[in-house]
J.: 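This structure is in structure tokens; I'll ask about it shortly.
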Amino acid sequence: MRFLKKSVFASLGLLFLAGSGGAWAQEPVTLKVSTTVKRPNEAYVLLDYVAARVKQLTKGQVTMEVLQPFASERDMFEQVLLGQLQGQASSVDVFGQFVPAARIASLPMFYESFDDVWKVLDGPIGQQIRTQAEAKGFKVLGFMGQGIRGLIMRNPVKSIDDVKGHKVRIQNSPIWSAFYRSLGVIAVPMDWNDIYTGLQSGVIDGVDTVFSSSLNNKHQEVAPHGVTTRHSYQVQIFVVSMNVWKKLTPEQQAAVQQAVTEALPAERFASISQQGYEAILNWRIAGGEVADPSPEFLDAMRKAAEAARPEFAKAVGGEDVLKQAEASLGRN
């Protein structure tokens, strides 16, 4: 399956055969960009590609340095605004603290597939997010897939009752707090780097997660019981500072956006294959267990999402945002 990843992203290399023209009048610029994921995550592969492609298109006038995560997601977004970082690729849930409408991408039990997510983010709502982000000081370059969300638990999970009443780590978002509270679960916001020890010590009993991300952090050692609920689709947003963006020439701006736009289709495809299905197989290989949820389990999750809809609406900026997303999906 790694051949699939290599072939998908290797195809992007063909684009390097084309030269680039244009005038590059300014002094060389270095963009320091951070992300919360690590290699071989497809979002990181995208950033590596963008860095190489931007350097080529601008004839070395713009270079991009991709940094490993070194602080919390919110802190890194803050550093983009302060000019200590030039860009950040991270969760839409965290970015929702700056632009609430971005949370629309992670609504639980709202989308049937990643294709549905892209219909919303590549449509009018996505444009609204971009406009609102610019007013906050961020330039949105693109939305990337990171994987399909499920649950991992310390205890075996046969039914929804094996999750209710337990402490589950969530992203710090009003959407996830409302959803799990409605489900009868004790939601515990926790920094990603604290999850392993939290599971090991019993501070938390499980994690709402993307299997590939938990696998990269060896969570299967302390919470081996996985459930493929597929209740949400993890999306990352790639932003740069508006102050930095405005200092680039129009040609440089076009080159950066071109590099991201070229890479997105392959990254989005790989986020399903590698970060979704392959990760589940690798979870088993690493010693974990994975089970599909029962119809009753999924029905309980749907009812929890329906009950939490008023809080979802408040979290994304209003009921009209939810209705607009539903219209993008052809729902009346």
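What's counted below: heavy atoms across the whole structure, side chains too, no hydrogens, waters or symmetry copies.
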J.: Using the six-membered ring wherever Trp is involved, compare the ring planes of Tyr196 and His219 and label them parallel, tilted or perpendicular (cut-offs 30° and 60°).
T.: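 Rings of Tyr196 and His219: tilted, as their planes differ by 30° to 60°.
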
J.: CD1/Ile280 to CD1/Ile285 distance, rounded to the nearest 0.5 angstrom?
T.: 12.5 Å

J.: In the structure I gave you, are the side-chain heavy atoms of Pro28 and Val62 within less than 4.5 Å of one another anywhere?
T.: no

J.: Any donor-acceptor pair under 3.5 Å linking the side chain of Ser214 with the backbone of Phe211?
T.: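 Not at all, since once roles are kept as given, no pair shorter than 3.5 Å links the two residues.
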
J.: Can you list every salt bridge (Lys or Arg N to Asp or Glu O under 4.0 Å) pair that touches residues 299-319, not counting sequence neighbours?
T.: Arg181-Glu311, Asp299-Lys303, Arg309-Glu319, Arg309-Glu326

J.: Any sub-3.5 Å donor-acceptor pair from Arg53's side-chain atoms to Ala259's backbone N or O?
T.: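 No: the side chain of Arg53 does not pair with the backbone of Ala259.
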
J.: Rounded to the nearest 0.5 Å, how far does CG of Leu322 lie from CD1 of Ile125?
T.: 8.0 Å

J.: Please check this pair: side chain of Gln86 against backbone of Ser241, looking for a donor-acceptor N/O pair closer than 3.5 Å.
T.: no

J.: Mind checking the CD-NZ spacing from Gln79 to Lys32? Nearest 0.5 Å is all I need.
T.: 11.0 Å

J.: Is there a side-chain contact between Val316 and Ile175, using heavy atoms and a 4.5 Å cut-off?
T.: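 Sidechains of Ile175 and Val316: in contact.
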
J.: CZ of Arg169 to CE of Met190: how many Å apart, nearest 0.5 Å?
T.: 8.0 Å

J.: Walk me through whether Tyr233 and Asp116 qualify under side-chain contact (heavy atoms from CB on, under 4.5 Å).
T.: CA-CA 10 Å; Tyr233 296 84; Asp116 281 353; over 6 Å; no

J.: Looking at Glu112, I want to see if its CD is surrounded by more than 12 non-hydrogen atoms of other residues, nucleotides or ligands under 6.0 Å.
T.: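 Result for CD/Glu112: open.
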
J.: What are the two closest non-hydrogen atoms of Ala102 and Ile129, and how far apart are they?
T.: CA-CD1, 3.7 Å

J.: Regarding Arg130 and Gln127, is there a side-chain donor-to-acceptor distance under 3.5 Å anywhere?
T.: no

J.: State, yes or no, whether a side-chain contact exists between Leu85 and Met76 at a heavy-atom distance under 4.5 Å.
T.: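 Side chain of Leu85 against side chain of Met76, heavy atoms only: contact under 4.5 Å found.
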
J.: Ala254: what forms a side chain to side chain contact (heavy atoms under 4.5 Å, CB included) with it, not counting sequence neighbours?
T.: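 Ala254: no side chain to side chain contact (heavy atoms under 4.5 Å, CB included) contacts found.
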
J.: Just wondering, do Leu141 and Gln257 contact through their side chains at under 4.5 Å, heavy atoms?
T.: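 In short, these two side chains touch, coming nearer than 4.5 Å.
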
J.: Quick check: Phe95 with Phe138 (ring centres under 6.0 Å apart)?
T.: yes

J.: Under 3.5 Å, side chain of Ser232 to main-chain N/O of Pro108, donor-acceptor pair present?
T.: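 Between the backbone of Pro108 and the side chain of Ser232 there is no qualifying donor-acceptor contact (under 3.5 Å).
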
J.: Is there a donor-acceptor pair closer than 3.5 Å between any side-chain N or O of Arg268 and the backbone N or O of Phe143?
T.: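 Yes.
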
J.: Under the criterion side-chain contact (heavy atoms from CB on, under 4.5 Å), I'd like the reasoning laid out for Glu262 against Tyr49: C-alpha separation, chi angles, the key distance, then a yes or no.
T.: CA-CA 10 Å; Glu262 287 175 353; Tyr49 171 84; 2.6 Å; yes

J.: Look at the side-chain heavy atoms of Ile, Leu, Val, Met, Phe, Trp and Tyr, link any pair under 4.5 Å apart, and say whether Leu82 and Trp245 land in one connected group.
T.: no

J.: Measure the CZ-CG distance between Phe238 and Leu46 for me, rounded to the nearest 0.5 Å.
T.: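 Rounded to the nearest 0.5 Å, the CZ-CG separation comes out at 7.5 Å.
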
J.: What side-chain donor-acceptor pairs closer than 3.5 Å can you find for residues 158-165, not counting sequence neighbours?
T.:
residue	atom	partner	partner atom	Å
Ser159	OG	Asp161	N	3.3
Asp162	OD2	Lys158	N	2.6
Asp162	OD2	Ser159	N	3.0

J.: Can you name the nearest heavy-atom pair linking Ala300 to Leu183, along with the distance?
T.: O-CD1, 3.6 Å

J.: When you look at Ser177 and Ile170, which way does the side-chain contact (heavy atoms from CB on, under 4.5 Å) test go after all the steps?
T.: CA-CA 7 Å; Ser177 295; Ile170 61 166; 3.5 Å; yes

J.: Does this structure show an ion pair linking Lys139 with Glu134, if we count only N-O contacts that are shorter than 4.0 Å?
T.: yes

J.: Hey, does Gln61 have a side-chain heavy atom less than 4.5 Å from the side chain of Val29?
T.: no

J.: Would you please say whether a donor-acceptor pair under 3.5 Å links the side chains of Gln128 and Gln324?
T.: yes

J.: Less than 4.5 Å apart, side chain to side chain, heavy atoms only: is that true for Phe114 and Ile148?
T.: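 Yes - at least one pair of side-chain heavy atoms lies under 4.5 Å apart.
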
J.: Which donor-acceptor pairs under 3.5 Å do side chains of residues 199-206 form with protein atoms, sequence neighbours excluded?
T.:
residue	atom	partner	partner atom	Å
Ser201	OG	Thr197	O	2.8
Ser201	OG	Gly198	O	3.4
Asp205	OD2	Lys167	N	2.8

J.: Do side-chain atoms of Thr35 reach the backbone of Ala89 as a donor and acceptor pair under 3.5 angstrom?
T.: yes

J.: Please tell me if the side chains of Ile152 and Gln220 come closer than 4.5 Å, counting only heavy atoms from C-beta onward.
T.: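 No. Closest side-chain heavy atoms not under 4.5 Å.
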
J.: Check the pair Arg154 / Val222 against side-chain contact (heavy atoms from CB on, under 4.5 Å), numbers first and verdict last.
T.: CA-CA 6 Å; Arg154 299 172 70 216; Val222 285; 5.9 Å; no

J.: Is the NZ or CZ atom of Arg74 both under 6.0 Å from the centre of the six-membered ring of Phe98 and within 45° of that ring's axis?
T.: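 The answer is yes; both the distance and angle limits are met.
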
J.: Does NZ or CZ of Arg103 fall inside the cone over Phe110's six-membered ring, less than 6.0 Å from its centre and within 45° of the axis?
T.: no

J.: Checking Pro224 now: which residues fulfil side chain to side chain contact (heavy atoms under 4.5 Å, CB included) with it, not counting sequence neighbours?
T.: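 Expected list: none.
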
J.: Can you tell me if Gln252 uses its side chain to pair, donor with acceptor, with the backbone of Thr249 under 3.5 Å?
T.: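 Yes: the side chain of Gln252 pairs with the backbone of Thr249.
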
J.: What's the spacing between Leu57 CG and Glu251 CD if we round to 0.5 Å?
T.: 12.5 Å

J.: So, for Val244 and Leu31, which heavy atoms are closest and what is the spacing to 0.1 Å?
T.: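 Taking Val244 first and Leu31 second, the nearest heavy atoms are CG1-CD2, 3.5 Å.
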
J.: Of all heavy-atom pairs between Gln171 and Ser91, which one has the smallest distance, and what is that distance?
T.: OE1-OG, 2.9 Å

J.: Locate the shortest heavy-atom distance separating Phe312 from Phe179; write the atom from each residue and the value.
T.: CZ-CB, 4.0 Å

J.: So, the side chain of Gln88 versus the backbone of Val80: is there a donor-acceptor pair under 3.5 Å, distance only?
T.: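 Looks like no, no N/O pair under 3.5 Å.
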
J.: Within the structure provided, determine whether Leu121 and Val92 are in side-chain contact (heavy-atom separation under 4.5 Å).
T.: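 Heavy-atom side-chain distance check fails, nothing below 4.5 Å.
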
J.: Taking side chain to side chain contact (heavy atoms under 4.5 Å, CB included) as the definition, give me every residue that meets it alongside Asp208, ordered by chain and number, with sequence neighbours left out.
T.: Arg149, Leu151, Val168, Trp176, Tyr180, His231

J.: Can you see which heavy atom on Ala133 is nearest to which on Val99, and at what distance?
T.: CA-CG2, 3.7 Å

